[in-house]
2 protein chains.
Amino acid sequence: MSDYSEYSKVFKALGDTKRAMIVDMLSCGELCACMILERFDMSQSTLSHHMKILCECGLVKGREQGKWTYYSLDEDTVSEIKQFLCRITSDKENCMCKDSDCCKGCDGNE
Amino acid sequence: MSDYSEYSKVFKALGDTKRAMIVDMLSCGELCACMILERFDMSQSTLSHHMKILCECGLVKGREQGKWTYYSLDEDTVSEIKQFLCRITSDKENCMCKDSDCCKGCDGNE
DNA sequence: TCCTCAAATTGACGTTTATCGATATGACGC
DNA sequence: GCGTCATATCGATAAACGTCAATTTGAGGA
């Protein structure tokens, strides 16, 4: 049904403080790598690595223009991950937990 | 301003497939550890470790009752993490990126 | 008071991650 | 074509992570 492992990549990406900050920065619009780098105390190779992770999970898109690479949020993925987060944290009428032998607690079940 | 590292813990917790599944299970209501364990192919100590991580980041609450421990989602944290996700992914009028030397792109800035 | 059972903790392991410096790639201007 | 600049990739390293089996803790029942 829901692809946990796909979205886990996104959560893993957001699980790093600096990557969460990068996402926050990009939420205001496209930025080129050097602008992002300026804001952080990290090497260029480390930033590049973080951007790769953000891109690979789908949260961020890269657009190359000459020497520069511009990054921006992928709004589709953003909205998907929000939906996913809502889905796994909200009660479901037909949840698997509602049938048979789950959600009764140990007492009622043994 | 916003405490990235606090919420990064929550994302890190959700970044593991199995923990995301556990959250999904708990969204339908309280469950005791043994019920969760039944659903997974993992050792009891591994489950206990995952539950600890989920509790420590605030996503899940544990309630001990006799021999058993019942787990449930902490709705406050759930709502906070949703808000945080929205915040870092949506455009902000007074975003730090809107001032001075950011968001102009490299061309306009050097 | 024992024994049993649920859960947490410990210690070990192999894997993944974050980071860096160094190097490679590829675009631009001369 | 040659330096320079922006990024990406590589290789190394130390820390963090997921997992298990074994042990400990603590509650309940005989």
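Values below: every heavy atom of this structure, side chains too, minus hydrogens, waters and symmetry copies. Here is the naming used below: chain letters follow the sequence lines, and residue numbers restart at 1 for every chain.
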*Between A:T46 and C:dC20, is there a side-chain N or O to OP1/OP2 distance below 4.0 Å?*
yes
*Is A:Y71 near enough to D:dA8 that one of its side-chain N or O atoms lies under 4.0 angstrom from OP1 or OP2?*
yes
In terms of side-chain heavy atoms of [X], which of [options] is nearest?
| X | options | answer |
| --- | --- | --- |
| B:H50 | C:dT9, D:dG18, D:dA8 | D:dG18 |
| B:K18 | D:dT19, C:dT9, C:dA7 | D:dT19 |
| B:K67 | D:dG28, C:dA7, D:dA8 | D:dG28 |

Using a heavy-atom cut-off of 4.0 Å across all strands, would you classify [X] as base, sugar-phosphate, or nothing?
| X | answer |
| --- | --- |
| A:I53 | sugar-phosphate |
| A:S48 | base |
| B:M42 | sugar-phosphate |
| B:F40 | nothing |

*4.5 Å side-chain heavy-atom contact, B:I36 and B:M51*: yes
When the distance from [atom1] of [X] to [atom2] of [N] is rounded to whole Å, what number comes out?
| X | N | atom1 | atom2 | result |
| --- | --- | --- | --- | --- |
| A:H49 | C:dA24 | NE2 | P | 21 Å |
| A:W68 | D:dT7 | CH2 | P | 8 Å |
| A:E64 | C:dT25 | CD | P | 15 Å |

*Taking the nucleotide of DNA chain C with the closest heavy atom to each, which residue, B:L47 or A:L47, is nearer the 5' end?*
B:L47
*Would you say B:T77's side chain and B:G58's backbone share a donor-acceptor pair under 3.5 angstrom?*
yes
*asked:* Ignoring hydrogens and geometry beyond distance, is the side chain of A:Q44 in donor-acceptor contact with the base of D:dA8 at under 3.5 Å?
replied: yes
*Does any N or O donor sit under 3.5 Å from an N or O acceptor when you compare the side chain of B:S45 with the base of D:dA21?*
yes
*asked:* Regarding B:E30 and B:R63, does a basic nitrogen lie under 4.0 Å from an acidic carboxylate oxygen?
replied: yes
*With the threshold set at 4.0 Å, does a side-chain nitrogen-carboxylate oxygen contact exist between A:D24 and B:K92?*
yes
